[in-house]
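Working notes for the structure below.
Keep in mind it's a predicted model, so treat the numbers as computed, not measured.
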Amino acid sequence: GERKKPFRALDRIYYQGQDLPVIRIPGKRICKEGEAFLLGQEGDLAAFFRRETAAAAQALEEKWAWAARPATLRYRRMKTRWGSCTPAGAITLNIHLVQAPLLVLEYVYVHELAHLLHPHHGKAFWGQVAVWFPRYKEAKAWLRSHGSFLFLSLDPDL
C-alpha cells in the first residue's frame, strides 16, 4: 500500500483565525484541544479541514436559507480561489477557509450565494453582498492579509 507522507515540520497552524501551536502525539488523531492542535504523525490534515469546513458550511446553509440555497454544496482544496459558484448553482468552498475566522468563512459563503442571483462581480452583485453582509470589507481585508499563510499548512501536492 501507499505510505502516507509525514507532515512537514509544522509547528503552528491557523484554525478559525487563531495561530495555534502544534503538539505531536504519535498515533493521536488530529484534534484541537484547548489552545493547541494535537497531531499524530499519520494524521490527515486535509481530511480534518474538509470535515470542519463541511460542518461550518452546513450550519451556514441553514442560517442563510432565507436568502438563497445552493443546489449543492461542496468542499475541496482549491489553489487559487476561496469559493466558486457554477451556473447550475453548485457552490464549492475551499477547505482552508476553516483556518480563517468564522466571519471570513461566512463572507465567502454569502459572496457565493450572491452569485446565485448575480453571476458576475458588477455593481448589482456587490450591492447584494453589502446588503446581506455589511462586514464584507473586513472579511476581504483579513483574506488579503492572511490568506497566503493558510496555504502553507498543507503540502502542495496533497
Side-chain angles (χ1 to χ4, degrees), residues 1-2 4-5 7-8 10 13-20 22 29-32 37-40 42-122 124-158:
E2 198 178 303
K4 278 190 185 168
K5 285 192 318 229
F7 282 115
R8 287 186 304 150
L10 266 187
I13 289 179
Y14 263 99
Y15 179 73
Q16 293 184 345
Q18 294 179 288
D19 184 11
L20 299 174
V22 169
R29 278 198 69 188
I30 295 170
C31 65
K32 178 183 179 280
F37 245 92
L38 307 184
L39 297 183
E42 298 294 303
D44 184 355
L45 203 51
F48 176 82
F49 287 161
R50 185 174 284 106
R51 281 194 306 275
E52 294 284 300
T53 302
Q58 283 154 13
L60 289 174
E61 189 177 16
E62 292 308 310
K63 178 179 176 178
W64 287 91
W66 63 271
R69 263 192 189 273
T72 58
L73 194 47
R74 293 187 291 238
Y75 328 93
R76 64 189 191 87
R77 184 157 194 250
M78 294 187 276
K79 295 216 165 104
T80 57
R81 293 193 291 179
W82 294 110
S84 67
C85 181
T86 69
I91 287 176
T92 302
L93 297 175
N94 192 323
I95 63 171
H96 283 285
L97 281 167
V98 79
Q99 296 183 265
L102 188 57
L103 173 89
V104 173
L105 196 161
E106 187 167 9
Y107 156 67
V108 174
Y109 180 76
V110 172
H111 177 115
E112 299 309 334
L113 272 191
H115 280 312
L116 296 174
L117 306 183
H118 307 284
H120 53 72
H121 283 113
F125 168 82
W126 285 112
Q128 187 66 65
V129 171
V131 167
W132 280 350
F133 205 76
R135 293 175 69 190
Y136 79 97
K137 286 182 178 169
E138 184 186 337
K140 278 181 78 172
W142 193 95
L143 277 177
R144 253 196 317 279
S145 57
H146 296 82
S148 56
F149 294 111
L150 305 188
F151 288 102
L152 298 176
S153 303
L154 296 175
D155 282 321
D157 51 356
L158 256 182

Could you tell me which residues satisfy side chain to side chain donor-acceptor pair (under 3.5 Å) with His118, sequence neighbours excluded, listed by chain and number?
none
When you compare the side chain of His115 with that of His121, does any pair of heavy atoms fall below 4.5 Å?
yes
Gln58 and Tyr75: side chain to side chain contact (heavy atoms under 4.5 Å, CB included), yes or no, with the steps?
CA-CA 11 Å; Gln58 283 154 13; Tyr75 328 93; 3.3 Å; yes
Partners meeting side chain to side chain donor-acceptor pair (under 3.5 Å) with Tyr109 (sequence neighbours left out):
none
Using modelled atom types and a 3.5 Å cut-off, is there a donor and acceptor pairing between side-chain atoms of Gln99 and backbone atoms of Tyr14?
yes
Any chance you could measure Asn94, atom CG, to Met78, atom CE, to the nearest 0.5 Å?
5.0 Å
Less than 4.5 Å apart, any side-chain heavy atom of Ile13 and any of Leu20?
no
Please round to the nearest 0.5 Å and tell me the distance separating atom CZ of Arg69 and atom CG of Leu116.
12.0 Å
Rounding to 0.5 Å, atoms CZ (Arg135) and CZ (Phe133) come to a distance of 7.0 Å
When every non-hydrogen atom of Ala68 is compared with those of Leu113, the smallest separation belongs to O-CD2, 3.6 Å
If the condition is side-chain contact (heavy atoms from CB on, under 4.5 Å), which residues does Ala100 pass it with, not counting sequence neighbours?
Val104, Trp142, Leu150
Which residues satisfy the side chain to side chain donor-acceptor pair (under 3.5 Å) test with Glu106, sequence neighbours excluded?
Lys63, Trp64
Set of side chain to side chain donor-acceptor pair (under 3.5 Å) partners for Tyr136, sequence neighbours left out:
none
Considering all heavy atoms of both residues, which atom of Gln128 and which atom of Leu117 are nearest to each other, and what is their separation?
OE1-CD1, 3.7 Å
Mind listing the closest non-hydrogen atom pair of Ala90 and Thr72 along with its distance?
CB-OG1, 3.1 Å
If you compare all heavy atoms of Ala114 against all heavy atoms of Val129, which two are closest, and at what distance to 0.1 Å?
CB-CG2, 3.7 Å
Rounded to the nearest 0.5 Å, what separates atom CG in Leu93 from atom CZ in Arg76?
11.0 Å
Return the minimal non-hydrogen interatomic distance between Ile91 and Cys85, and the atom names on each side.
CG1-SG, 4.0 Å
Drop me the distance from His96's NE2 to Lys79's NZ, to the nearest 0.5 angstrom.
9.5 Å
Counterpart residues, side-chain contact (heavy atoms from CB on, under 4.5 Å), relative to Ala71 (two or more places apart)
none
How many angstroms lie between CG in Leu73 and OG1 in Thr53, if you round to the nearest 0.5 Å?
10.5 Å
Check whether any side-chain heavy atom of Trp126 lies under 4.5 Å from a side-chain heavy atom of His111, and answer yes or no.
yes
Of the non-hydrogen atoms in Ser84 and Glu112, which two are nearest, and what is the gap between them?
C-OE1, 3.4 Å
